[in-house]
Amino acid sequence: MATKCKDYNFHEIEPFWQSFWEENRSFRAENDSSKPKYYVLDMFPYPSGAGLHVGHPEGYTATDIMARYKRAKGFNVLHPIGWDAFGLPAEQHAVKTGTHPAANTRNNITNFKRQIKAFGFSYDWEREIDTTDPKYFRWTQWIFLQLFKRGLAYVDERPVWWCPELRTVLANEEVVDGKSEVGGYPVERRNLRQWVLRITAYAERLLADLKEVDWPDSTKRMQEAWIGRSEGAEILFQLEHSSAGPLKIFTTRPDTLFGCTYMVLAPEHPLVEPLTTPAQKAAVDDYKKKAAGKSDLERTDLSKDKSGVFSGSYAINPVNGARVPIWIADYVLMGYGTGAIMAVPAHDERDHEFAVRYALPVVQVIASPKEPGQDGATVLPYTGDGQLIQSGTYNDLDWREAKRRITADLASRQLGRATVNYKLRDWLFSRQRYWGEPFPIVWVGEADYQRVAAARPGGLPTDPVTFTSDGVRHFALPVPEGALPLELPPVQSYLPSGSGESPLANETAWLEIWFNHTTGAAVPASQPRPAGEAWVSGRRETNTMPQWAGSCWYYLRYLDPRNDHAIASPEALRYWGTPDLYVGGAEHAVLHLLYARFWHKVLFDLGIVPESEPFRKLFHQGIILGEDGEKMSKSRGNVANPDTIIASHGTDALRLYLMFLGPLEAMKPWNPRGIEGVLRFLQKVWRECLTDEGASNPKISDTAAEPAELTKLLHETIRKVGDDIEALRFNTAISQMMIFANALQKTPQVTRATILAFLQLLAPFAPHIAEELWNRLKGGAASVMLAPWPQFDPARLTVTEVKLVFQVNGKHRGDQIVPLGLPEVEAVKIASLHPKIAPYLQGKILKRVVYVPGKILNLVVGE
RNA sequence: GCCCGGGUGGCGGAAUGGUAGACGCUGGGGACUUAAAAUCCCCUGACUGUAAAGUCAUGCGGGUUCGAGUCCCGCCCCGGGCACCA
């Protein structure tokens, strides 16, 4: 039941045990188990054509150690893997080669799977999932329909990022510095009809519930910043002449209302036109045109000067009746708040910069309690706290109090109210691409929609989702859940149309249909309308979903991956709950992790999942850099390939080294020579267990006279390795095992029990060699994984003697082994007689003694 | 600009406010060997010293403390995130 090799031949051992595990289905998670569950999850990979580099298995090794450790601790462990396989690269490849992206995806998955399997990770391969499998995306579409029915999905024509090169729109989050995150192509603004998910409806809960999760602080802070909650007030300013109605602005500083010296509208604000006076019209039109022509990169580039133009109109300050000029400037964004602000140049840096440029008045209304300039005046702009001045009846109030009072007073006059604003925008959810989940939506006319609505109460959103084009209003009708999945039709070309529609728009027979709204059946519109009430004329949605869709809920599908009736059975959802540990890169801090939380909360509200947060404990593995300390990339030629390393050093050595490099969360450079050290460690363990002939090392026996120090070290090692695994400190766990192996080597006799316990500790890290040695030393017994995790005996860890460090005036001057619990008087006596200490005390007065029993004795002396 | 994280030997890194540098790599010396590889032993932060030992040393400058890599204040550098959100 093991290999026959005499030396440590990982080429033989590793495949042997990998087949053994596969044949014995060793890593199968049981859905009906009486054991406690432990669910440990990796962020599933996008199977790219480039294959794995050593960065990928870093996190996977960490979770694998945890999974194997928890199994040994008696847990029923769910440790799954799958493929996030929709996405742009496969489609780009399809456009280039004309082959179906599914074919390319399949090849990439095969390659990834081969590479991942070579690591011997303890995945339950029977639960493998693939987001592009219709049996999987059926449920992605199903969840979308739940969002749709709840009014959380809608269609809107809005300015979106359009990437001409990729021929698609991108989400805000996919645009970095004016370029596409994928490929780095330039992007521009276009108005297009888009599906949008109402994530803002969950903004408050997404923010508040961050308090409940055990995540890295930096990630929580990033999500907080992304959601960007700010409290303030909406205030109505009457207009001097225009009947265009009051001007509504948002501010977080209602306390500075008396310092408002001008207003600003975003160039896209609907009141810009009515408020522009004839005299200013030419200048305003010119400015609007310029602003619209600017790329967002130019508009958001802080280094540029602020610009704007006067509208010619005035507003009235609701607190003092002051006449305030209304300007138009692109430093105010239409997408946030009301798209209009009151400008308080004395207390806002941006307003101040603008006021200086256009010579607008600056009125200070907050007195700074400190930091006056050289002439005693406050340096403006001043954005700190203080008391109100030049503010009528509000003078001398603390700004916080003034905020409340002014807001309340305006509210009582119907001129304002306290509000909360978020930076978070609704989630742009459609892509003009082929390789994604099709939307299960058919667009129909108003009359047909009304008929269906009457026939299917409850199956549609309260407010119909519509859009209008060429004066015709189109209504979104969902494909019945029973008709899912809606699969991708074969297409002639994978190239997007370039007009803002996906390649699906060219597939007339699929697109223009007679649609049976009760069964979901469809026949091409070119054919006669089938008989029956349920058939309506429709056009399918041509957009597809973004790659994020499939990864928003995959952790739930693993619980019950072959279920044809639900995303997972209620029993599985209840038993497994959510992952106990989720490990993945920090680059997903806002996107995937925010989207998935949103979907999860919707599913929670629907009563489908029992917990309100998907990932209670999250950990980011760091990045492994190339030898040169730079990010690994093909172009730099500094990519370390796992296949090569496994061939030369074996998987166990690679796994061990990946964990030994440094703290899991740290960014660390790959040093190809460092792996020699861990390989030597494994070879040493091998030699301590077996002779050159492959027989049990004669120093091992059941009745060996094992030194007490080694037994003690074993128990220390059991404790440290266990503690370190729990805390994901794998590097120090490995150090401790090395210390043990070094001691073992110096020990002439050792008990079989000690060796076996050590092999168990090693097993989660280097499972193949551990299995091999365990089997040989136990005489062909079952897998090491079936043995319960060793326990340390606290009694073995107690000591009777300790090394006491002597210090004189805080400096280390010597040490001595002393009995535990030595009284202070005795300690001082021993120290003063100590040959290294005595000279320092010569002729000095002992002024103070600091004694930490068992640790340190510090003698403070003076003249 | 704002918000995080980090700066420890030649290198990766270890250190509940209590012996800084565990463990590993690299380098040097030795043992074994006909020889080499492998293995084992010793040394490997800097400076002074024959040695014993001592001084300095955790990015820089201060501080708290009997005692600071660790806590506090002010800087410098590196990495990440956000970036006109009123």
Side-chain angles (χ1 to χ4, degrees), chain A residues 7 177 216-226 228-230 232 249-253 256 264 266 299-304 306 329-344 347-351 353-354 383 421-425 586-587 589-590 620 622-623 625 629 631 656-657 660-663 665-678 680-681 683-684 687 729 731-742 745-746 803-815 836 839 847-852 854-861:
Chain A
D7 55 357
D177 290 335
D217 269 353
S218 58
T219 303
K220 286 198 201 183
R221 263 189 277 267
M222 266 191 241
Q223 291 217 349
E224 272 167 30
W226 193 262
R229 182 184 201 273
S230 55
I249 61 99
F250 173 75
T251 180
T252 56
R253 296 295 304 273
T256 61
V264 184
R299 252 182 96 163
T300 57
D301 185 358
L302 263 183
S303 64
K304 77 161 178 55
K306 290 190 173 36
D330 65 3
Y331 81 90
V332 170
L333 308 174
M334 194 57 223
Y336 182 77
T338 62
I341 62 156
M342 66 173 200
V344 185
H347 304 291
D348 182 281
E349 290 183 13
R350 298 149 302 182
D351 296 344
E353 188 190 328
F354 191 83
T383 56
N421 253 304
Y422 300 90
K423 288 186 205 172
L424 184 71
R425 309 293 155 82
E587 66 273 20
V590 275
H620 296 308
I623 299 170
L625 304 169
K631 214 167 183 168
L656 215 46
Y657 186 52
F660 187 62
L661 271 177
E665 67 276 19
M667 192 185 271
K668 16 186 204 271
W670 175 257
N671 175 359
R673 269 183 298 195
I675 196 170
E676 305 289 345
V678 293
R680 270 191 281 242
F681 162 68
Q683 283 165 334
K684 183 182 292 182
R687 281 195 310 272
R729 290 187 304 247
N731 54 332
T732 48
I734 294 168
S735 294
Q736 182 66 30
M737 288 190 284
M738 287 174 167
I739 291 169
F740 180 83
N742 290 341
Q745 183 205 302
K746 293 180 177 68
K803 184 156 81 174
L804 185 63
V805 169
F806 299 130
Q807 293 185 345
V808 179
N809 288 343
K811 277 196 198 294
H812 175 219
R813 296 297 180 189
D815 52 54
K836 284 187 179 166
K847 288 160 99 175
R848 183 171 171 185
V849 175
V850 181
Y851 181 50
V852 184
K855 287 244 160 103
I856 204 158
L857 175 73
N858 188 11
L859 303 175
V860 184
V861 299

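In the text below, chain A, chain B and the rest are named by the order of the sequence lines, each starting its count at 1.
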Residue [X], side-chain heavy atoms: nucleotide from [options] that is nearest:
{"X": "A/Leu333", "options": "B/rU16, B/rA86, B/rC23", "value": "B/rA86"}
{"X": "A/Asn731", "options": "B/rG24, B/rU19, B/rA14", "value": "B/rA14"}
{"X": "A/Phe660", "options": "B/rA86, B/rC23, B/rC66", "value": "B/rC23"}
{"X": "A/Arg221", "options": "B/rG12, B/rC4, B/rA86", "value": "B/rC4"}
{"X": "A/Met738", "options": "B/rG24, B/rA86, B/rG18", "value": "B/rG24"}
{"X": "A/Arg673", "options": "B/rC40, B/rG18, B/rC25", "value": "B/rC25"}
{"X": "A/Trp226", "options": "B/rG13, B/rC82, B/rC56", "value": "B/rC82"}

What contact category does [X] fall into here, base, sugar-phosphate, or nothing, at under 4.0 angstrom with non-hydrogen atoms?
{"X": "A/Pro663", "result": "sugar-phosphate"}
{"X": "A/Val805", "result": "base"}
{"X": "A/Gln745", "result": "sugar-phosphate"}
{"X": "A/Met667", "result": "sugar-phosphate"}
{"X": "A/Asp217", "result": "nothing"}

I want to check one thing: is the phosphate of [N], taken as OP1 and OP2, less than 4.0 Å away from some side-chain N or O of [X]?
{"X": "A/Arg687", "N": "B/rC40", "result": "yes"}
{"X": "A/Arg813", "N": "B/rG18", "result": "no"}
{"X": "A/Ser735", "N": "B/rG13", "result": "no"}
{"X": "A/Tyr657", "N": "B/rG24", "result": "no"}
{"X": "A/Asn742", "N": "B/rC23", "result": "no"}
{"X": "A/Arg680", "N": "B/rC25", "result": "yes"}
{"X": "A/Lys811", "N": "B/rG18", "result": "no"}
{"X": "A/Arg848", "N": "B/rC66", "result": "yes"}
{"X": "A/Lys746", "N": "B/rC41", "result": "yes"}
{"X": "A/Lys668", "N": "B/rG13", "result": "no"}

Heavy-atom check, side chain of [X] versus side chain of [Y], under 4.5 Å:
{"X": "A/Met342", "Y": "A/Thr256", "result": "yes"}
{"X": "A/Thr219", "Y": "A/His620", "result": "yes"}
{"X": "A/Tyr657", "Y": "A/Trp670", "result": "yes"}
{"X": "A/Ile856", "Y": "A/His812", "result": "no"}

Is there a Watson-Crick or G-U wobble partner for [N] with both distances under 3.5 Å, and if so, which one is it?
{"N": "B/rC82", "value": "B/rG1"}
{"N": "B/rG12", "value": "B/rC23"}
{"N": "B/rA53", "value": "B/rU48"}
{"N": "B/rA38", "value": "none"}

- To the nearest 0.5 Å, tell me how far A/Asp351 CG sits from A/Tyr331 OH. 3.5 Å
- Query: What distance separates A/Asn809 CG from A/Arg848 CZ, expressed to the nearest 0.5 Å?
  - Reply: 11.5 Å
- Taking every non-hydrogen atom, the tightest pair across A/Asp815 and A/Val805: CB-CA, 4.0 Å
- Task: Using heavy atoms to find the nearest nucleotide of RNA chain B for A/Ile675 and A/Asp815 separately, return the residue whose nucleotide is more 5′.
- Result: A/Asp815
- Message: Taking the nucleotide of RNA chain B with the nearest heavy atom to each, does A/Ile734 or A/Thr338 sit closer to the 5' end?
- Response: A/Ile734
- Interatomic distance at C1', B/rG21 relative to B/rU34, whole Å: 42 Å
- Task: Please confirm whether any donor atom in the side chain of A/Lys803 sits under 3.5 Å from an acceptor in the base of B/rU19, or the reverse.
- Result: yes
